[in-house]
Amino acid sequence: MMQRRDLRVTAWRLPAWRLTAFAATVVIALAALTARLVQIQLFEGGSYRAQALANQIRLIPVAAPRGIIVDRRGTILARSRPSFVVALIPSEVNDLESELTSLAGIIHVSKASLTRRLLHHRGIDYPSFAAVAANEPYGPVVLATNLPVPTVARLSEVLTDLPGVDLEVQPIRDYPEGALGSHLIGYVGAITQDEFERRKFEGYSPNDVIGKDGLEITYDDYLRGRPGGERVVVDATGAVVSNVRLGARPAVPGDTLITNVDWRLQRIVEVALADGLRAAGRGHRLSGAVVAEDPWTGGILALASYPNYNPNDFAGDRWKRVSFDLTDSSQPLFDRAIAAATPTGSTFKMVTGSAALTEGVVKVDQIIDDTGGWNCGGYYARDIAAGGLGDTTFVPALAASSDGYFFRLAWWLGNARLRKYALAFGLDAKSGIDLPGENEGNWPTNAWELRAFGVPMEPSEACFLGIGQGAMQATPLQMVNIASAVINGGTLYRPQLVREIRDPNGGLIIRFAPRVIRHVPVTPSALGAVREGMAKVTDPGGTAYGLAIDGLPYSGKTGTVETAGGNGPNTTWFVAWAPTTHPQFALAVFVDRSGGYGATVAAPIAREILVKYFNKKP
């Protein structure tokens with residue numbers, strides 16, 4: 001018989017150590033959570049509140065006044081002036097059509113014009129106001145500038161009835177001297193969409209006004225300042241909360257540019273150039289340029305290009321004048337002082353002469369029978385002066401600018417050595433002046449001529465290159481830099497417009513010391529002979545005879561360039577410095593396709609500059 005087994009059920013019990021561990025975990029978690037809540041609420045609450053508020057705050061920007069530009073003595077060349085502007089904050093507008101209609105009647109600007117400015121700005125063409133509001137909800141989109149005070153008063157009275165319409169005082173760029181110095185100062189304009197996309201990571205905003213040319217663009221980072229504006233609160237949809245206004249953030253003005261420019265000289269240069277071009281043109285519009293440089297530092301004392309333009313037209317949205325400047329065939333915006341590269345005529349004999357004397361292919365006192373021409377490898381090159389000078393030496397040949405004499409010097413040097421010295425004096429390369437748009441010019445090589453003309457370079461070309469003809473090209477800036485190197489003993493400086501930059505409080509940020517490009521490998525005696533020949537330019541036999549100035553000995557070199565193979569009007573040049581003994585500045589005068597000769601067109605302009613600047617009798 002099977003024996004019955006006792007079955008006992010034992011109740012399950014949680015082990016005490018597990019219960020203790022669970023309780024401890026809960027307590028620790030609650031303690032950590034409590035500690036974190038205390039940290040967030042009591043210790044970091046202010047920080048998180050500030051971050052949350054920052055997410056709700058938007059800045060409606062107000063432009064900073066751009067820094068001023070002055071000449072070496074403090075004369076103001078560019079500044080910012082306050083201007084009343086009316087702008088639109090798209091996200092605050094309730095009824096666009098009604099508000100534009102009211103605004104047009106108050107400020108006396110057509111509704112069509114206001115609409116055009118609203119939909120077409122910064123180089124963007126918006127299809128509708130909705131697109132503007134979506135892309136620029138906080139604007140401000142400037143609709144009109146330079147509002148007169150009576151208009152401002154009328155608008156102020158009804159501003160509360162025009163939500164989204166904002167009346168502001170904004171800095172507008174102002175150029176007290178108008179068109180004078182326009183090519184060195186430059187101009188400003190609203191940033192375009194392309195410019196913004198390129199520069200937004202540098203701190204630029206979609207509503208910035210930026211430099212477009214001249215010093216305004218070269219030093220834009222210093223001049224533009226730091227914008228301020230009005231801080232507003234927005235809700236979750238991004239709409240401005242109209243009854244909450246925060247304190248404004250003040251704008252910080254831009255830095256000050258102190259230039260090397262002598263504004264008295266600049267005025268004289270501009271007037272003499274314009275008058276000389278009108279006289280030579282005889283009813284036809286001519287163009288030209290003048291550059292004046294300190295030969296001892298490379299500082300640019302004056303730089304003028306004609307025709308010029310008024311940069312206030314660009315700052316003040318004078319679109320008719322701006323359209324003329326952009327489209328006129330005379331190209332007022334083209335800076336001929338640094339970008340017009342042409343053959344230089346006999347002014348280049350400064351280089352050929354110093355090279356020939358340095359290389360020893362001729363001696364300064366060597367008598368040469370100048371017959372008025374030279375056989376350049378089978379091609380007989382002739383001087384315009386038939387018969388030449390006869391027996392002559394270097395100094396009188398340079399003063400008289402004898403092509404027959406310099407043909408043989410150039411032939412003896414050859415293409416390779418001519419190129420060596422042309423490049424050493426800075427041709428076929430940009431000088432590095434602190435302006436945009438510089439042209440490096442050209443010095444031909446065999447490879448260049450094969451590309452350009454499909455034929456190799458001929459040895460005979462040396463004769464014409466040596467007198468500044470042929471395929472060589474240089475700018476007025478390059479020629480004045482060569483003249484400075486001849487004056488100072490062979491140091492080629494980097495031309496510099498800005499001398500120093502200071503912050504709005506006058507503190508020094510940068511001072512630009514003279515910078516040497518290179519020392520030209522010519523002998524002091526060679527440069528001395530070139531200076532001696534150029535000092536006789538107004539003597540009997542000199543090419544500028546009759547243009548002497550009583551009480552002011554000066555040196556110079558004329559240049560005349562044929563155009564269109566001799567069938568077009570000549571381009572004329574004159575390079576000079578004064579006084580002869582210790583020059584204060586060097587000059588290069590260039591007149592494009594003026595007809596005549598360097599002595600009859602360009603040299604009288606230089607003479608007028610020297611007469612006026614040194615207060616001499618005409």
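Numbering starts at 1 and runs along the sequence shown.
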Please give me the minimum heavy-atom distance between [X] and [Y], naming the atom from each residue.
X: A603; Y: L547; result: CB-CD1, 3.6 Å
X: G441; Y: D428; result: O-OD1, 3.7 Å
X: G596; Y: V601; result: CA-CG2, 4.4 Å
X: P176; Y: L77; result: CD-O, 3.5 Å
X: P583; Y: W577; result: CG-CD1, 3.4 Å
X: A410; Y: A462; result: CB-O, 3.2 Å

For the atom pair [atom1] ([X]) and [atom2] ([Y]), what is the distance rounded to the nearest 0.5 Å?
X: D539; Y: Y545; atom1: CG; atom2: OH; answer: 9.0 Å
X: I467; Y: T344; atom1: CD1; atom2: OG1; answer: 10.0 Å
X: M350; Y: R531; atom1: CE; atom2: CZ; answer: 12.5 Å
X: T445; Y: N415; atom1: OG1; atom2: CG; answer: 10.0 Å
X: D71; Y: I69; atom1: CG; atom2: CD1; answer: 11.5 Å
X: I76; Y: I68; atom1: CD1; atom2: CD1; answer: 5.0 Å

For the residue pair [X] and [Y], confirm or rule out a side-chain donor-acceptor distance under 3.5 Å.
X: E293; Y: Y493; answer: no
X: T572; Y: N570; answer: no
X: S431; Y: N481; answer: no
X: T75; Y: R264; answer: no

Donor-acceptor pair, distance only, cut-off 3.5 Å: does the side chain of [X] make one with the backbone of [Y]?
X: Q496; Y: V498; value: yes
X: D213; Y: G186; value: no
X: E270; Y: G181; value: yes
X: T256; Y: G67; value: no
X: T475; Y: Q478; value: yes
X: R518; Y: A424; value: yes
X: S182; Y: Y309; value: yes
X: S354; Y: V351; value: yes
X: T218; Y: G214; value: yes
X: D550; Y: K617; value: no

Checklist entry - Under 6.0 Å between the ring centres of W374 and Y405? => result no
Checklist entry - Can you list the steps and then say if V361 with R417 is a side-chain contact (heavy atoms from CB on, under 4.5 Å)? => result CA-CA 11 Å; V361 300; R417 285 192 289 189; 3.7 Å; yes
Item to check | Step-by-step side chain to side chain donor-acceptor pair (under 3.5 Å) determination, Y379 to E458 | outcome: CA-CA 11 Å; Y379 180 88; E458 295 289 342; over 6 Å; no
Checklist entry - Which pairs pass side-chain hydrogen bond (donor to acceptor under 3.5 Å, both in side chains) with one or both residues in residues 296-305, sequence neighbours excluded? => result D294-T297
Checklist entry - Sequence neighbours excluded, which residues qualify as side-chain contact (heavy atoms from CB on, under 4.5 Å) partners of D391? => result I367, D369
Next on the checklist: Please determine whether side-chain contact (heavy atoms from CB on, under 4.5 Å) holds for the pair R593 and T342, giving the CA-CA distance in whole Å, both sets of side-chain angles, and the decisive distance to 0.1 Å.
Outcome noted: CA-CA 10 Å; R593 290 168 292 182; T342 76; over 6 Å; no
Does a side-chain heavy-atom distance below 4.5 Å link [X] with [Y]?
X: N442; Y: M472; result: no
X: Y306; Y: V591; result: no
X: R321; Y: N312; result: no
X: Q584; Y: P579; result: yes
X: D313; Y: D325; result: yes
X: Y597; Y: I384; result: yes
X: F314; Y: K212; result: no
X: V271; Y: K612; result: no

Next on the checklist: Applying the salt bridge (Lys or Arg N to Asp or Glu O under 4.0 Å) criterion to D262, which one of R499, R72, R73 satisfies it?
Outcome noted: R73
Item to check | NZ/NE/NH1/NH2 to OD/OE distance under 4.0 Å, D434 and R494 | outcome: no
Checklist entry - Charged N to carboxylate O below 4.0 Å: is that the case for R382 and D403? => result no
Checklist entry - Between F574 and Y554, what is the ring plane arrangement, given parallel below 30°, perpendicular above 60°, and tilted in between? => result perpendicular
Next on the checklist: Walk me through whether F512 and I258 qualify under side-chain contact (heavy atoms from CB on, under 4.5 Å).
Outcome noted: CA-CA 10 Å; F512 297 98; I258 301 174; over 6 Å; no
Checklist entry - Is the number of heavy atoms from other residues, nucleotides or ligands under 6.0 Å of Y219 OH greater than 12? => result yes
Next on the checklist: Let's go through L215 and L223 carefully: what are the C-alpha distance in whole Å and the side-chain angles of both, what is the deciding distance for side-chain contact (heavy atoms from CB on, under 4.5 Å) to 0.1 Å, and is it a yes or a no?
Outcome noted: CA-CA 9 Å; L215 296 178; L223 289 168; 5.6 Å; no
Item to check | Residue among I185, D335, V480 satisfying side-chain contact (heavy atoms from CB on, under 4.5 Å) with L303 | outcome: D335
